[in-house]
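The block underneath contains the structure these notes are about, expressed in structure tokens.
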Amino acid sequence: QVQLVESGGGLAQAGGSLRLSCAASIRTFSSYVMGWFRQAPGKEREFVAAISRGGDNILYAESVKGRFSISRDSAKNTVYLQMNSLKPEDTAVYYCAAKYLAVPSTVPSMYNYWGQGTQVTVSS
């Protein structure tokens with residue numbers, strides 16, 4: 001059974017930074033594409049970033065490109081989302097997702113497993 005546990009969310013001021021972590025209980029972590037999505041109140045879940053199994057293929061949403069950075073540590077079975085220059089519109093619940101033996105995707109339905117989410121609130 002795959003479990004994903006996000007942490008690192010919280011309250012930040014506009015222009016500040018937060019680092020999200022997602023610890024994966026996956027025996028073959030390197031076999032999974034990992035992604036981050038977010039969902040604001042009243043809105044659909046949207047793609048933020050994804051990283052390939054080897055870390056050499058990375059996708060970002062246009063809205064976060066240049067501000068957010070995704071990375072993975074296979075020794076720790078963890079994927080990270082470094083968020084800099086935060087804006088109030090980044091406020092949302094952030095979810096970690098895993099996709100088995102595939103290429104990175106921006107489509108939520110392509111991911112097999114999801115975490116419970118962590119709240120990020122950015123004040124102006």
Side-chain angles (χ1 to χ4, degrees):
Q1 183 72 12
V2 172
Q3 287 189 323
L4 304 174
V5 179
E6 303 96 336
S7 62
L11 178 64
Q13 290 190 331
S17 299
L18 284 173
R19 188 195 196 201
L20 305 184
S21 300
C22 172
S25 61
I26 302 177
R27 191 167 60 181
T28 55
F29 181 69
S30 61
S31 297
Y32 287 79
V33 165
M34 302 300 295
W36 285 98
F37 291 78
R38 67 187 182 186
Q39 189 166 17
K43 295 187 177 181
E44 292 188 354
R45 191 166 298 190
E46 66 172 1
F47 170 75
V48 175
I51 186 167
S52 64
R53 289 173 285 156
D56 56 343
N57 185 8
I58 291 176
L59 303 178
Y60 292 106
E62 284 298 322
S63 59
V64 307
K65 200 172 288 186
R67 300 188 298 121
F68 290 11
S69 177
I70 188 172
S71 61
R72 63 190 297 159
D73 185 337
S74 294
K76 297 181 178 180
N77 279 19
T78 299
V79 62
Y80 303 98
L81 185 69
Q82 178 66 44
M83 305 187 296
N84 299 327
S85 302
L86 284 164
K87 303 176 180 181
E89 51 263 44
D90 294 319
T91 295
V93 176
Y94 283 70
Y95 296 91
C96 173
K99 183 167 170 284
Y100 183 64
L101 286 181
V103 297
S105 172
T106 64
V107 180
S109 62
M110 297 298 292
Y111 287 77
N112 308 108
Y113 304 99
W114 292 85
Q116 293 299 305
T118 185
Q119 176 71 46
V120 171
T121 303
V122 183
S123 62
S124 57

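Residues: numbered from 1 along the sequence shown. Please read all numbers here as calculations on a predicted model, not as lab measurements.
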* Asked: For Arg67 and Asp90, what are the C-alpha separation, side-chain angles and deciding distance, and is it a side chain to side chain contact (heavy atoms under 4.5 Å, CB included)?
  -> CA-CA 11 Å; Arg67 300 188 298 121; Asp90 294 319; 2.8 Å; yes
Considering all heavy atoms of both residues, which atom of [X] and which atom of [Y] are nearest to each other, and what is their separation?
X     : Y     : value
Ala92 : Ala40 : CB-N, 3.8 Å
Pro88 : Ala14 : CD-CB, 4.1 Å
Cys96 : Val79 : SG-CG1, 3.8 Å

Look up atom [atom1] in [X] and atom [atom2] in [Y], then write down how far apart they are to the nearest 0.5 Å.
X     : Y     : atom1 : atom2 : result
Leu81 : Ile70 : CG    : CD1   : 6.5 Å
Asn84 : Ser17 : CG    : OG    : 3.5 Å
Leu4  : Tyr95 : CG    : OH    : 13.0 Å
Lys76 : Ser21 : NZ    : OG    : 9.0 Å
Ser25 : Gln1  : OG    : CD    : 8.0 Å
Lys65 : Leu59 : NZ    : CG    : 8.5 Å

Heavy-atom donor-acceptor pair, [X] side chain to [Y] backbone, under 3.5 Å:
X      : Y      : answer
Glu6   : Gln116 : yes
Asn77  : Ile26  : yes
Tyr111 : Tyr100 : no
Gln82  : Arg19  : no
Thr28  : Ser31  : no

Are any of the side-chain heavy atoms of [X] and [Y] separated by less than 4.5 Å?
X     : Y     : answer
Tyr94 : Gln39 : no
Met34 : Lys99 : no
Phe68 : Leu86 : yes

* Measure from NZ or CZ of Arg53 to the centre of the six-membered ring of Tyr32 and say whether it is under 6.0 Å with the direction within 45° of the ring axis. => no
Please check if the number of heavy atoms outside [X] that lie under 6.0 Å from its [atom1] is greater than 12.
X      : atom1 : value
Gln119 : CD    : yes
Glu89  : CD    : yes
Gln13  : CD    : no

* Given side-chain hydrogen bond (donor to acceptor under 3.5 Å, both in side chains), test Asp73 with Thr78 step by step and report yes or no. => CA-CA 5 Å; Asp73 185 337; Thr78 299; over 6 Å; no
* Asked: Aromatic rings Phe37 and Phe47: how do their planes relate, parallel, tilted or perpendicular, breaks at 30° and 60°?
  -> perpendicular
* **Set of side-chain contact (heavy atoms from CB on, under 4.5 Å) partners for Ser63, sequence neighbours left out** => Arg38, Ala61
* To do: Give me the one residue out of Leu11, Thr91, Leu18 that meets side chain to side chain contact (heavy atoms under 4.5 Å, CB included) with Val122.
  => Thr91
* Asked: Cluster question for you: counting only ILVMFWY and a side-chain heavy-atom cut-off of under 4.5 Å, with indirect links fine, are Leu20 and Tyr113 together?
  -> yes
